[in-house]
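Contents: one structure, followed by commentary.
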Amino acid sequence: MNTITSKDGTTIGFETVGEGLPLVIVGGALNDRHAAETQAGLLAAANFSVITYDRRGRGDSGDTPPYAVEREVEDLEALVEEAGGTAFALGHSSGAVLALEAATATPGITKLVLYEPPFIVDDSRPPLPDDYVQHLDELVADGHRDQAVEYFMTVGVGVPAEAIASMKDSPFWPSLEAIAHTLSYDGRIMGDNMAGKPLPSDRWSTVTSPVLVIDGGASPPSLRNAVEALVDVLPNARRQTLEGQTHDVDPTVLTPVLVEFLTS
């Protein structure tokens, strides 16, 4: 594990595997750098130099207050500089939206792959409550980290309430509670784009580098519709569907798609 210092002085922990074309993997909510280890290893074997990192507030990274999305963009900018000034970016879920935001400010991101950014653009699923981010912050501030994770899972993701009990008994649940304070960070990254309304037509119009937006053929309609909506508003994007895949995509299925796009 190595570290860099972001613009505001925050330490960001990261790992690099492989040699070749530089690529930064940006994880989604409740993920630290270890969540992408399998994907990073497969890409390293395909001649990429892959950076996985702990987003601020997670793992070996610091968390200088107050939080702002712009600080996470600066973290990603610093990693691109560490990679030599230019790099590809692969973002999953809300991490895809963070990567997209970074691309508006970082010309060094030369190609983007975005897997199922979880926008809510229509009535295919309920929109998030107006106080979603505020409620997450309040639960964590009151010491109810378990309730914050449960609220995210049920209201944010749509996991059935009856499934939460078994999840709480699983060995990974404490690791989720440990970074529950970052759930509101992802909510802020998503902004008002989970309200069941069309995406803004000009929000990412400056992202002219090639973008591949991917959805799983077995994912819910809301995620698949979000992918199509994003492709429609980006200047240089195309969509690809991985049949049989869900939001929890199989790295062995995703890797050849990444390699083809990033090396073409």
Side-chain angles (χ1 to χ4, degrees), residues 1-8 10-28 31-56 58-62 69-117 189 204 206-214 234-238 240 249-264:
M1 197 274 295
N2 296 299
T3 63
I4 56 167
T5 302
S6 194
K7 187 176 181 180
D8 72 340
T10 301
T11 298
I12 302 297
F14 73 97
E15 294 183 24
T16 304
V17 294
E19 296 182 0
L21 299 169
L23 181 152
V24 182
I25 297 180
V26 188
N31 284 328
D32 62 14
R33 71 181 189 274
H34 300 296
E37 283 179 346
T38 300
Q39 185 67 79
L42 291 169
L43 288 167
N47 299 315
F48 288 87
S49 177
V50 187
I51 294 176
T52 56
Y53 74 106
D54 291 328
R55 286 174 47 195
R56 61 175 54 209
R58 315 174 191 206
D60 291 301
S61 290
V69 176
E70 291 79 8
R71 302 294 80 77
E72 287 222 63
V73 168
E74 290 167 359
D75 299 343
L76 195 42
E77 288 179 320
L79 288 163
V80 171
E81 285 302 311
E82 176 71 17
T86 60
F88 306 137
L90 163 63
H92 180 270
S93 196
S94 54
V97 183
L98 174 57
L100 184 59
E101 291 292 335
T104 68
T106 312
I109 297 178
T110 55
K111 282 188 178 182
L112 273 171
V113 180
L114 309 176
Y115 191 87
E116 292 193 342
I189 288 167
W204 304 286
T206 59
V207 181
T208 56
S209 55
V211 182
L212 178 63
V213 192
I214 305 175
L234 291 176
N236 188 14
R238 65 178 177 89
Q240 185 161 343
V249 63
D250 182 344
T252 64
V253 174
L254 182 58
T255 296
V257 175
L258 300 176
V259 172
E260 180 182 4
F261 173 70
L262 295 174
T263 58
S264 63

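Keep in mind that what you see is a predicted model, and the values were worked out from it rather than measured.
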TODO: Kindly compute the distance separating NE2 (His34) from CE (Met1), expressed to the nearest 0.5 Å.
DONE: 8.5 Å
Task: Validation row: Leu112, Phe88 side chains within 4.5 angstrom (heavy atoms) - done: no
Show every donor-acceptor pair shorter than 3.5 Å between a side-chain atom in residues 18-27 and any protein atom, with sequence neighbours excluded, or say none if there are none.
none

Task: Side chains of Leu262 and Phe48 in contact at under 4.5 Å (non-hydrogen atoms) - done: yes
Open item on the list: A side-chain contact here means heavy atoms from C-beta on lying under 4.5 Å apart; do Arg58 and Arg33 qualify?
Closed with: no
Open item on the list: Side chains of Glu82 and Thr16, heavy atoms from C-beta outward: is any pair under 4.5 Å?
Closed with: no
Task: Nearest heavy-atom neighbours spanning Ser94 and Ile189 - done: O-CG2, 3.9 Å
- [ ] Mark yes or no for whether Thr106, through its side chain, and Ala102, through its backbone, hold a donor-acceptor pair below 3.5 Å.
- [x] yes
Open item on the list: The test is side chain to side chain donor-acceptor pair (under 3.5 Å); show your working for Ser6 and Asp75 and say whether it passes.
Closed with: CA-CA 5 Å; Ser6 194; Asp75 299 343; 2.6 Å; yes
- [ ] Report the distance from atom CG of Asn2 to atom OG1 of Thr11, rounding to the nearest 0.5 Å.
- [x] 12.5 Å
- [ ] Can you see which heavy atom on Gly91 is nearest to which on Ala96, and at what distance?
- [x] O-CB, 3.4 Å
Open item on the list: As an exercise, state the distance from OH of Tyr115 to CG of Leu90, rounded to the nearest 0.5 Å.
Closed with: 11.0 Å
- [ ] Compare every heavy atom of Arg238 with every heavy atom of Phe261, then report the nearest pair and how far apart it is.
- [x] CD1-NH2, 3.8 Å
Task: Rounded distance (nearest 0.5 Å) linking atom CZ of Phe14 with atom CG of Asp54 - done: 11.5 Å
TODO: For Ile4 and Ala78, work out which heavy atoms get closest and say how close.
DONE: CD1-CB, 3.5 Å
Open item on the list: A side-chain contact here means heavy atoms from C-beta on lying under 4.5 Å apart; do Pro117 and Val213 qualify?
Closed with: yes
Task: Residue among Val80, Leu100, Thr86 satisfying side-chain contact (heavy atoms from CB on, under 4.5 Å) with Ile109 - done: Val80
Open item on the list: To the closest 0.5 Å, what do you measure between CZ (Arg71) and CZ (Arg56)?
Closed with: 7.0 Å
Open item on the list: When you compare the side chain of Thr52 with that of Glu37, does any pair of heavy atoms fall below 4.5 Å?
Closed with: no
Open item on the list: Show every side chain to side chain donor-acceptor pair (under 3.5 Å) that has at least one partner inside residues 251-264, sequence neighbours left out.
Closed with: Gln39-Thr255, Asp250-Thr252
Task: Minimum side-chain heavy-atom gap Ile12-Thr3 below 4.5 Å - done: no
Task: Contact check, side chains of Ile214 and Val257, non-hydrogen atoms, under 4.5 Å - done: yes
Task: Inter-residue atom distance Glu74.CD - Thr10.OG1, 0.5 Å rounding - done: 9.0 Å
